[in-house]
Amino acid sequence: MDNFDLSILKWYRQNKRNLPWRNTNNPYFIWLSEIILQQTRVDQGMDYYLKFINNFPTIQHLANADEQTILSNWQGLGYYSRARNLHATAKEITFNHNGNFPNKYEEILKLKGIGPYTAAAISSFSFNLVHPVVDGNVFRVLTRIFDIDTPIDTSEGIKLIYNIANKLIPTNEPGEYNQAIMEFGAIHCTPSQPNCNNCIFSNQCKAKINGTILHRPIKSKKTVVKKRYFHYLDISNKVDTILHKRTDEDIWKHLFEFPLIEKNQNDDLQLIKNQLEKKFNQQILSIPTAQKHVLSHQHIFTYFWQIKLNNSVLETLNETDSFIVVHKDEIIKYPLPRVITKYLENINKIDN
DNA sequence: AATCCGGGGCC
DNA sequence: GGCCCAGGATT
């Protein structure tokens with residue numbers, strides 16, 4: 001493959017999208033955009049990026065914010081460890097690097113939440129260093145052009161693609177080239193319905209020639225999905241309700257939710273109803289129906305039990321419980337997982 | 001080296 | 001229902 005870099009750079013200059021983080025070399029903005037865009041589509045991350053640079057114009061703003069504020073801004077984006085690592089790295093740079101973003105690949109790679117891809121992206125976009133980005137797009141583009149059938153979710157496949165990527169990247173404008181190959185994968189060499197009929201590589205792409213385009217890249221493993229059953233207790237009187245902060249090493253760490261009873265299996269709902277009525281000494285009017293939430297590695301079946309009290313919600317709590325009493329109108333101020341906000345949206349519809 | 005981690009969109 | 005997404009941390 002001769003002049004791959006020149007071909008794809010030419011294509012990029014004619015076809016690239018105008019994205020806000022492409023109009024800057026500021027490592028703070030580059031870093032922030034890359035963290036938001038990890039495993040996240042541009043369309044989905046755009047509003048979050050604009051919100052973050054508006055609310056946290058500099059890395060010092062981010063460092064000085066409290067974690068809950070950052071998590072609230074991240075609410076709905078998923079992979080909340082990204083937000084916690086974002087905060088940690090902002091503090092690290094602000095207080096241990098005099099506010100200066102590291103400008104060497106190896107130093108950038110040491111920061112929390114930054115792996116090989118993001119370190120290469122920041123290195124090349126901000127500091128013009130020659131490190132190839134290897135993301136989902138690059139895996140797809142290269143396995144197609146060279147018709148590579150080694151599974152990309154193995155160490156052998158990853159090593160192979162990195163070797164090719166290191167040979168292809170030009171020393172001249174590595175950042176622009178990295179943007180170009182990812183953009184080519186994102187909008188032209190797409191997973192389904194790639195635009196092969198109007199492709200600059202149509203005569204050279206090995207997978208196109210061999211008819212294997214839609215079978216590249218190959219992945220060998222299948223994700224195992226765990227089923228979980230969450231019974232949430234929406235305990236409230238006319239003004240207050242109860243929230244609980246997740247602290248264990250599990251999904252949604254440091255996010256708030258209703259008091260939770262997790263079951264290992266799909267238990268008899270009538271039995272749970274009887275237990276709850278006895279515990280709270282209240283009639284439960286309706287048995288909830290399951291809401292299924294499909295995540296990558298978990299299918300979560302949520303049940304929301306509405307327990308209406310006439311007296312104070314405090315009386316349902318033990319002193320040892322780590323719960324907080326929250327005014328109903330202020331629930332939304334706490335960082336919540338989508339499972340909870342979806343439920344709140346639904347009951348508000350009914351109330352209206 | 002293998003496993004886990006959210007949520008949304010598309011087909 | 002399966003796959004993918006501008007991957008990284010943990011075990």
Side-chain angles (χ1 to χ4, degrees), chain A residues 12 16-17 19-22 30-49 71 74-86 88-89 108-122 124-125 132-141 151-159 161-162 175 178-187 189-194 214-226 228 246 248-255 291-300 302 335-342:
Chain A
Y12 179 64
K16 68 176 179 181
R17 295 167 291 181
L19 304 175
W21 47 86
R22 284 185 178 158
I30 301 290
W31 165 63
L32 179 60
S33 71
E34 290 302 335
I35 300 300
I36 289 174
L37 294 172
Q38 285 169 2
Q39 298 297 93
T40 306
R41 285 184 178 76
V42 168
D43 289 345
Q44 191 190 350
M46 178 68 76
D47 288 346
Y48 286 87
Y49 174 77
L71 283 172
W74 201 268
Q75 184 177 115
L77 198 51
Y79 276 126
Y80 294 90
S81 62
R82 290 185 294 174
R84 296 192 298 270
N85 288 332
L86 192 75
T89 291
I108 296 170
L109 187 60
K110 289 179 184 171
L111 299 169
K112 279 190 178 179
I114 295 181
Y117 163 76
T118 306
I122 298 171
S124 60
F125 301 163
V133 290
V134 178
D135 73 333
N137 290 309
V138 175
F139 274 117
R140 186 169 57 257
V141 170
I152 62 162
D153 53 357
T154 62
S155 54
E156 182 189 358
I158 294 169
K159 197 177 297 180
I161 297 298
Y162 264 94
N178 277 339
Q179 298 269 18
I181 189 170
M182 286 195 288
E183 187 77 340
F184 184 73
I187 68 178
C189 192
T190 49
S192 61
Q193 298 184 334
L214 295 182
H215 300 288
R216 300 289 179 270
I218 288 178
K219 292 185 179 179
S220 60
K221 299 162 194 160
K222 291 177 182 174
T223 56
V224 179
V225 177
K226 182 166 63 172
R228 301 175 76 172
R246 292 187 74 98
D248 44 339
E249 298 296 329
D250 195 5
I251 61 170
W252 306 327
K253 182 182 176 185
H254 293 185
L255 268 62
Q291 297 296 315
K292 186 178 180 183
H293 298 272
V294 180
L295 283 54
S296 301
H297 298 79
Q298 302 184 21
H299 289 182
I300 298 176
T302 59
L336 310 165
R338 279 292 290 159
V339 167
I340 302 293
T341 56
K342 276 190 177 176

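Convention: sequence-line order gives letters A, B, ...; per-chain numbering from 1.
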Let's see if you can work this out: which of B:dC4, C:dG7, C:dA6 has an atom nearest to the side-chain heavy atoms of A:His297?
B:dC4
Classify the nucleic acid contact of [X] as base, sugar-phosphate or nothing, counting any heavy atom under 4.0 Å across all strands shown.
{"X": "A:Thr118", "result": "sugar-phosphate"}
{"X": "A:Trp74", "result": "nothing"}
{"X": "A:Arg338", "result": "sugar-phosphate"}
{"X": "A:Ile36", "result": "nothing"}
{"X": "A:Glu34", "result": "nothing"}
{"X": "A:Val133", "result": "nothing"}
{"X": "A:Arg22", "result": "base"}
{"X": "A:Gln298", "result": "sugar-phosphate"}
{"X": "A:Leu255", "result": "nothing"}
{"X": "A:Ser155", "result": "sugar-phosphate"}
{"X": "A:Lys342", "result": "sugar-phosphate"}

Earlier contact from the 5' end, DNA chain B, for A:Asp153 and A:Leu77
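The 5'-side residue here is A:Asp153.
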Note: for A:Thr154 and A:Lys253 on DNA chain B, the residue whose nearest nucleotide lies more 5' is A:Thr154
OP1 or OP2 of [N] under 4.0 Å from side-chain N/O of [X]:
{"X": "A:Trp252", "N": "B:dG7", "value": "yes"}
{"X": "A:Tyr79", "N": "C:dA9", "value": "no"}
{"X": "A:Gln39", "N": "C:dG7", "value": "yes"}

Just so I know, are the side chains of [X] and [Y] near enough to count as touching, which here means a heavy-atom distance under 4.5 Å?
{"X": "A:Ile187", "Y": "A:Lys16", "value": "no"}
{"X": "A:Tyr162", "Y": "A:Pro116", "value": "yes"}
{"X": "A:Trp252", "Y": "A:Tyr80", "value": "yes"}

If I pick the [atom1] atom on [M] and the same atom on [N], what distance separates them, to the nearest angstrom?
{"N": "C:dG8", "M": "B:dG9", "atom1": "C1'", "answer": "23 Å"}
{"N": "B:dG8", "M": "C:dA9", "atom1": "P", "answer": "24 Å"}
{"N": "B:dT3", "M": "C:dA6", "atom1": "P", "answer": "25 Å"}
{"N": "B:dC5", "M": "C:dC4", "atom1": "C1'", "answer": "16 Å"}

Round to a whole Å and report the spacing from [atom1] of [X] to [atom2] of [N].
{"X": "A:Arg228", "N": "B:dC4", "atom1": "CZ", "atom2": "C1'", "result": "11 Å"}
{"X": "A:Arg82", "N": "B:dC4", "atom1": "CZ", "atom2": "P", "result": "20 Å"}
{"X": "A:Gln193", "N": "B:dC10", "atom1": "CD", "atom2": "P", "result": "12 Å"}
{"X": "A:Trp31", "N": "C:dG8", "atom1": "CH2", "atom2": "P", "result": "14 Å"}
{"X": "A:Ile300", "N": "B:dC4", "atom1": "CD1", "atom2": "C1'", "result": "13 Å"}
{"X": "A:Ile35", "N": "B:dG6", "atom1": "CD1", "atom2": "C1'", "result": "16 Å"}
{"X": "A:Arg84", "N": "B:dC4", "atom1": "CZ", "atom2": "P", "result": "18 Å"}
{"X": "A:Glu156", "N": "B:dA1", "atom1": "CD", "atom2": "P", "result": "11 Å"}

Is a side-chain donor-acceptor pair under 3.5 Å present for A:Tyr117 with A:Gln38?
no
Answer yes if the side chains of A:Thr341 and A:Arg338 hold a donor-acceptor pair under 3.5 Å, and no otherwise.
yes
Residue whose closest nucleotide on DNA chain C lies nearer the 5' end, A:Lys292 versus A:Trp21:
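Per heavy-atom nearest nucleotide, the more 5' residue is A:Lys292.
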For A:Gln44 and for A:Leu111, find the nucleotide of DNA chain C with the closest heavy atom, then tell me which residue's nucleotide is more 5'.
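Closer to the 5' end of DNA chain C: A:Gln44.
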Hey, what do you get for NZ (A:Lys253) to CG (A:Leu255), rounding to the nearest 0.5 Å?
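Answer rounded to 0.5 Å: 12.0 Å.
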Drop me the distance from A:Leu86's CG to A:Trp31's CH2, to the nearest 0.5 angstrom.
4.0 Å
